[in-house]
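These figures come from a predicted structure and were not determined experimentally. Read the numbers this way: they start at 1 and go in the same order the structure lists the ligands and their atoms.
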Amino acid sequence: MLATFELPGGFRVLELKGRVAVITGAGSGIGRAMAECFATAGMHLALADVEAEALDETARALRERGCEVEAECLDVRDSAALETLAERCFTRFGGAHVLCNNAGVASGGPVWEISEQDWDWVIGVNLVAVVHGIRAFVPRMIASGEPGHIVNTASIAGLTCPAFMSPYNVTKHAVVALSDTLRSDLSLSGAAIGVSVLCPGWVRTRIHESDRNHPSGETVDAGEELSALRELVNGFIAGGIDPSVVAKQVRDAVMNDRFWIRTHPEMEPMVRKRCEAIIAGESPPPMLPTEIK
Ligand SMILES: NC(=O)c1ccc[n+]([C@@H]2O[C@H](COP(=O)([O-])OP(=O)(O)OC[C@H]3O[C@@H](n4cnc5c(N)ncnc54)[C@H](O)[C@@H]3O)[C@@H](O)[C@H]2O)c1
């Protein structure tokens, strides 16, 4: 086994070629771009998404390039389905080395107006599913004794608190905390498994069309005022960076064991300001999503 090598100063580099990457939400956006990037790096892939057609299309395109792909149409909120994915992945490929808990959805509105169903949905997909992914794969990864890496997709909304996005903010802050704790737990347990948390700003994907996977099968009516805000946010997403740029940053962070993956350096002052305000004990001023830039 020679999957990592040490550089001077104790840095490790994880070799990807011939190894196995698992990606949820692989049918679209950042997940699909990560699949393409890891395929280019010579990895085998286990992909999951709740949208059968989009997943099949991703898998077909990658197989045409000669990549070995296990594709499972599943809802990441279903822990048993992720357990089955882990079993199939280990049976077919003999392991899993890079686990990307990436599937995500967004929903908005004032905290008190968001329905119980929406809270359950966003928390289920964005947070509880990340725990399901970890519980299904990490014990097997540890038992294999092989080096590996876990990437959990949070957001710049995991480092800030823009208004009218409470379920999203809550889950993304939680994913940052979960990832940080996971990194400590793995490190203190002596496992050769690194952790990264992906905190992108605006990326050109279909995240603003998350309702397409809403459990009710319906589009959520945001009301007139929020619809205007939503239009502005849609514009930011349309003008966001290409997912392939994010995917390359993820690949580099995995190889070099970097925890924070921040795709938008121009957003750093916003995060610094928040951290300084916390230390100074200052109340946070209200912040609109359109102020994320
Ligand atoms: N696009 C952005 O600006 C942005 C910014 C920060 C963070 N993110 C995060 O990036 C991740 C990927 O989102 P994206 O931007 O590529 O959006 P996207 O909508 O293009 O892709 C998300 C994928 O997740 C899948 N998915 C949704 N619910 C699922 C479920 N229950 N089970 C399985 N799969 C499910 C969707 O079908 C889709 O293929 C999300 O976690 C999102 O919160 C996106």
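- Residue E53 qualifies as open at atom CD: its count of foreign heavy atoms under 6.0 Å is 12 or below.
- Considering V98, V13, I150 in turn, V98 is the only one that fulfils the side-chain contact (heavy atoms from CB on, under 4.5 Å) rule with V254.
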Verify side-chain hydrogen bond (donor to acceptor under 3.5 Å, both in side chains) between T40 and R65, making sure each step is shown before the conclusion.
CA-CA 9 Å; T40 303; R65 287 169 47 183; 2.6 Å; yes

CA sep, side-chain torsions, deciding dist, call: S107, D118, side-chain hydrogen bond (donor to acceptor under 3.5 Å, both in side chains):
CA-CA 7 Å; S107 177; D118 269 20; 2.9 Å; yes

May I have the list of side-chain donor-acceptor pairs in residues 286-293 shorter than 3.5 Å, sequence neighbours left out?
| from | atom 1 | to | atom 2 | distance (Å) |
| --- | --- | --- | --- | --- |
| E291 | OE2 | L288 | N | 2.8 |

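- Protein residues having at least one heavy atom under 4.0 Å from any atom of ligand 1 are G25, G27, S28, G29, I30, D49, V50, E51, L74, D75, V76, N102, A103, G104, V105, V125, T153, A154, S155, Y168, K172, P200, G201, W202, V203, T205, R206, I207, R212, N213, listed by chain and number.
- Within 6.0 Å of CZ in R92 there are more than 12 heavy atoms belonging to other residues, nucleotides or ligands.
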